[in-house]
Amino acid sequence: MYETTVLPMPPDYEGEVVATLISSTAGSRRAVLYVHGFTDYFFQDHLAEHYVRRGVDFYALDLRKYGRSLLPHQTRGLVRSVTEYFPEIDEAVRLIRRDHDELTINAHSTGGLVASLWADRVRGRGLVQGLVLNSPFLDLNVPAPLRLAADLLKTPMSYVRRPLPLGISTAYGRSLHLSEHGEWDYDLELKPLGGFSVHATWLAAIRRAQRRLHAGLGVDVPVLVLASADGLRVKDFVPEARTSDVVLDPRQIARWATAIGPHVTCVRVRDGVHDLVLSAEPVRKQVFAEIDRWMRAYVHPGHEDGPA
């Protein structure tokens, strides 16, 4: 079903680096590029199928140090700056735009933060026509004193590659995976129930990126921001974890959404989980309907064969 292309990248401080571009295409002139979040990789076949059925070629990028791109010598998910992802997004977009006139980026969680900053960097160049951001990671879901402590990681401590003693939360993973309380079957080596370890280096990079976004970006294409209606802060599984975002605070997402650019639509989805397309079937149908409606209105209006 998918074609896979390895994208060699320049080595970093850990050595060899690659990214991986996954595609499912049918010769459309329109395309979408999916960018995953932290402790994640592309496995959402139903998302690809949704776009392809609507005449949009689908691509997904497993970023460096995740999923199909993770190499044995690498620390999972570790970057010193989110700008380290820009070269692989640049290359993926270059390859996609060779055969497509229109491109939308659909990004989830940390991918949504990265995609927003990338789109701000390339504004005015016409490389993308829209952003669909699924629960983007626009702020830390922790009490204000802990956010302040994270901001202090601008010191040399931010280059210490040791996991922070934050404890492990399995609430989200257990709410998703087929072996626990969910309906999704994915590789637990690539997406563990308890997530990846959080390093000071990575957290400092995220906070720099979030502060940059909070100061205001100038993304010059329409943006759709989707978030759950409810957030829940728990470490262990409870039934409510299947109808709430237990990773981020949707109120923070809504608060900072308009800092991305001048043309932002924000939709809150009742009973949605953190990755909204992994919500219960009635909820994800609503999510897809919202994406389709927005794309018809702002990305390719007038296309009868576009998303329905």
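Residues: numbered from 1 along the sequence shown. It should be emphasised that the depicted structure is a prediction, and the values quoted were computed from it without experimental measurement.
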Trainee: Does the separation of the ring centres of Tyr186 and Phe42 fall below 6.0 angstrom?
Mentor: no
Trainee: So does Asp292 pair up with Lys285, basic N to acidic O under 4.0 Å?
Mentor: no
Trainee: Identify which one of Tyr85, Phe43, Phe137, Tyr66 satisfies the ring pair (Phe, Tyr, Trp, His ring centres under 6.0 Å) criterion when paired with His36.
Mentor: Tyr66
Trainee: Taking only Lys NZ, Arg NE, NH1 and NH2, and the carboxylate oxygens of Asp or Glu, determine whether Arg64 and Glu88 approach each other closer than 4.0 Å.
Mentor: yes
Trainee: Are there over 12 heavy-atom neighbours, none belonging to Arg29, within less than 6.0 Å of that residue's CZ?
Mentor: yes
Trainee: Do the two ring centres, one from His177 and one from Tyr172, sit under 6.0 Å apart?
Mentor: no
Trainee: Within the supplied structure, the quantity of interest is the number of heavy atoms (other residues, nucleotides, ligands) at a distance under 6.0 Å from Arg242 CZ; does it exceed 12?
Mentor: no
Trainee: Using the rule given for salt bridge (Lys or Arg N to Asp or Glu O under 4.0 Å), can you reason through Lys65 versus Asp12, listing the C-alpha separation, both sets of side-chain angles and the distance that settles it, and then say yes or no?
Mentor: CA-CA 11 Å; Lys65 305 181 185 181; Asp12 72 357; 2.8 Å; yes
Trainee: Quick check on Phe196: does its CZ atom have over 12 non-hydrogen neighbours (other residues, nucleotides or ligands) under 6.0 Å away?
Mentor: yes
Trainee: Should Asp90 and Arg121 count as an ion pair when the cut-off is N to O under 4.0 Å?
Mentor: yes
Trainee: Taking side-chain hydrogen bond (donor to acceptor under 3.5 Å, both in side chains) as the criterion, tell me which of Thr20, Asp187, Asp62 meets it with Arg68.
Mentor: Asp62
Trainee: ring-ring contact (aromatic ring centres under 6.0 Å, His included): which pairs involve residues 221-251, sequence neighbours left out?
Mentor: His181-Phe237
